[in-house]
Enquirer: 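The structure's right below; bear with me while I get my questions together.
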Amino acid sequence: MPSPKNSSAEWPARSLLGKLPPGDREELLRLGVRTRFEAGEVLLREGADDRHVLLLLSGFAKVTARVENGEESLLAVRVGGDTVGEMAAMDGAPRSATVTACGPMTARVLQPGALRALLMRRPEVAITLTGIVADRLRWANRRRLDFRGYQVKVRLARLLVELATTYGHPVDGGAVLGCRLTQLDLAALTGAAETTVHKGLRELRDEGLLETGYGSTVIRDLPRLRHIADLAPGE
């Protein structure tokens with residue numbers, strides 16, 4: 001059972017655990033069974049008929065799906081504080097994507113009946129979870145529109161701003177990304193060739209906007225990156 005000291009500061013502000021009031025968060029954290037996953041382990045598999053939900057407590061996972069030609073496409077990333085698997089729990093359809101641990105992870109395995117009972121008892125949890133699902137749909141729609149409307153450097157900047165504001169930890173003038181993505185991952189999320197993303201990252205580094213190292217990405221000037229991304233300050 002989690003300690004009552006669990007606070008929203010432990011998770012990104014836009015994640016489910018980061019958004020919930022303390023009482024709702026603590027009751028959610030008491031559900032299910034705590035489980036550990038190792039790097040490369042599949043948490044959920046596309047097409048499977050299981051219905052449980054995973055409440056991620058720590059670590060970082062990638063969400064992927066197979067496209068028509070059989071290749072794997074990176075759809076999103078999820079970190080501690082997020083849930084995965086809630087769609088199958090709610091509509092009973094097979095899993096729409098595979099979720100894979102990118103390093104050691106911990107999560108609580110929630111059975112759908114227990115989750116639904118909590119959502120009935122705690123309307124704030126239901127409202128917050130619904131809002132997060134809506135945000136994810138908007139995020140997917142924005143990615144598709146960005147592919148058509150912006151050059152790769154702008155798409156890359158828009159993605160980095162969104163990752164920073166969703167999963168980042170603030171530093172002076174910028175943010176440290178809370179998830180580790182390779183250039184191949186960034187290429188998949190921006191719909192660009194890896195070589196083009198490499199060029200875009202180099203330009204952003206040369207302009208003093210970005211620092212990249214082994215396992216870390218630091219945005220040094222978030223306002224300027226927003227400007228390049230053609231985003232208003234609040235977006």
Side-chain angles (χ1 to χ4, degrees), residues 1-66 74-141 162-163 166-167 178-179:
M1 182 177 295
S3 164
K5 296 181 181 180
N6 286 119
S7 71
S8 61
E10 297 181 43
W11 296 283
R14 295 192 181 184
S15 68
L16 178 62
L17 291 177
K19 284 176 172 284
L20 288 176
D24 292 331
R25 182 173 57 250
E26 291 305 323
E27 186 165 354
L28 177 59
L29 285 166
R30 286 193 290 270
L31 294 183
V33 178
R34 188 182 180 97
T35 306
R36 180 178 173 86
F37 299 93
E38 301 301 330
E41 191 171 351
V42 173
L43 283 66
L44 302 172
R45 191 174 299 279
E46 183 179 4
D49 291 325
D50 47 22
R51 298 286 179 267
H52 62 276
V53 176
L54 291 173
L55 175 64
L56 307 183
L57 303 178
S58 67
F60 161 48
K62 295 180 183 179
V63 182
T64 59
R66 295 286 177 183
L74 177 62
L75 303 179
V77 296
R78 298 287 180 258
V79 301
D82 284 332
T83 56
V84 292
E86 64 279 344
M87 288 177 60
M90 296 303 171
D91 67 9
R95 301 285 186 194
S96 60
T98 295
V99 181
T100 307
C102 297
M105 299 189 68
T106 56
R108 297 195 73 84
V109 181
L110 314 181
Q111 296 305 317
L115 178 60
R116 283 194 291 271
L118 174 68
L119 297 181
M120 295 291 290
R121 292 195 308 273
R122 296 274 189 171
E124 184 66 28
V125 179
I127 292 169
T128 304
L129 183 58
T130 300
I132 287 172
V133 172
D135 285 343
R136 292 175 182 177
L137 291 174
R138 277 195 292 269
W139 189 91
N141 288 336
E162 192 144 17
L163 291 173
T166 303
Y167 298 126
C179 52

Enquirer: Are any side-chain N or O atoms of Arg51 and backbone N or O atoms of Asp49, one a donor and one an acceptor, separated by less than 3.5 Å?
Expert: yes

Enquirer: Show the numbers, then the answer: is there a side chain to side chain contact (heavy atoms under 4.5 Å, CB included) between Leu29 and Leu17?
Expert: CA-CA 9 Å; Leu29 285 166; Leu17 291 177; 4.1 Å; yes

Enquirer: Is a donor on one side and an acceptor on the other found under 3.5 Å between the side chain of Arg36 and the backbone of Pro104?
Expert: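 Answer holds: no.
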
Enquirer: Less than 4.5 Å apart, side chain to side chain, heavy atoms only: is that true for Leu31 and Leu55?
Expert: no

Enquirer: Side-chain contact test, heavy atoms from C-beta onward, threshold under 4.5 Å: evaluate it for Leu115 versus Met90 and give yes or no.
Expert: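 In contact.
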
Enquirer: Between atom CG of Leu75 and atom CZ of Arg136, what is the distance when rounded to the nearest 0.5 Å?
Expert: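 Output value for this atom pair is 12.0 Å.
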
Enquirer: Would you mind reporting whether Met105 and Leu43 have side-chain heavy atoms less than 4.5 Å apart?
Expert: yes

Enquirer: At their closest point, which heavy atom of Gly80 faces which heavy atom of Pro12, and how far apart are they?
Expert: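 Here Gly80 and Pro12 meet closest at O-CD, 3.2 Å.
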
Enquirer: Measure across Leu129 and Leu16 and return the closest heavy-atom pair with its distance rounded to 0.1 Å.
Expert: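 Shortest heavy-atom separation between Leu129 and Leu16 comes out as N-CD1, 4.1 Å.
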
Enquirer: State the OG1-CZ distance between Thr35 and Arg108, to the nearest 0.5 angstrom.
Expert: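 Answer rounded to 0.5 Å: 8.5 Å.
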
Enquirer: If you measure from CD on Glu86 to OG1 on Thr130, what distance do you get to the nearest 0.5 Å?
Expert: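 These two atoms lie 10.0 Å from each other.
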
Enquirer: Tell me, do Arg34 and Leu57 make a side-chain contact under 4.5 Å, heavy atoms counted?
Expert: yes

Enquirer: Go through the steps to decide whether Leu56 and Arg78 satisfy the test side chain to side chain contact (heavy atoms under 4.5 Å, CB included), and finish with yes or no.
Expert: CA-CA 8 Å; Leu56 307 183; Arg78 298 287 180 258; 3.8 Å; yes

Enquirer: Apply side chain to side chain contact (heavy atoms under 4.5 Å, CB included) to residues Thr166 and Trp139 and explain how you reach the verdict.
Expert: CA-CA 11 Å; Thr166 303; Trp139 189 91; over 6 Å; no

Enquirer: Distance from Gln111 atom CD to Asp50 atom CG, nearest 0.5 Å?
Expert: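 So the gap between those two atoms works out to 9.5 Å.
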
Enquirer: Going by atom types alone, do Ser58 and Thr106 pair a side-chain donor with an acceptor below 3.5 Å?
Expert: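 Distance-only check passes for Ser58 and Thr106.
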
Enquirer: Which heavy atom of Val79 sits nearest a heavy atom of Phe60, and at what distance?
Expert: CG1-CD1, 4.1 Å

Enquirer: Given 3.5 Å as the limit, does a donor-acceptor pair link the side chain of Arg95 with the main chain of Gly85, or not?
Expert: yes

Enquirer: Just verifying a value: how many Å separate Leu54 CG and Leu44 CG, rounded to the nearest 0.5 Å?
Expert: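 Answer for the CG-CG pair, Leu54 versus Leu44, is 5.0 Å.
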
Enquirer: With a 6.0 Å cut-off (strictly less than), is the heavy-atom count around CZ of Arg45, excluding the residue itself, greater than 12?
Expert: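 Incorrect, the count does not exceed 12.
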
Enquirer: Apply side chain to side chain contact (heavy atoms under 4.5 Å, CB included) to Ile132 and Lys19, showing your working.
Expert: CA-CA 10 Å; Ile132 287 172; Lys19 284 176 172 284; 4.1 Å; yes

Enquirer: If you take all heavy atoms of Glu124 and Asp24, which pair is closest and at what distance?
Expert: CB-OD2, 3.2 Å

Enquirer: Can you give me the closest heavy-atom contact between Gly18 and Trp11, atom names plus distance?
Expert: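 Closest heavy-atom pair between Gly18 and Trp11: N-CB, 4.2 Å.
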
Enquirer: Locate the shortest heavy-atom distance separating Ala88 from Ala93; write the atom from each residue and the value.
Expert: CB-O, 3.5 Å

Enquirer: Please assess Glu46 against Arg66 for the test salt bridge (charged side-chain N to carboxylate O under 4.0 Å, His left out), listing each intermediate value before the final yes or no.
Expert: CA-CA 8 Å; Glu46 183 179 4; Arg66 295 286 177 183; 5.5 Å; no

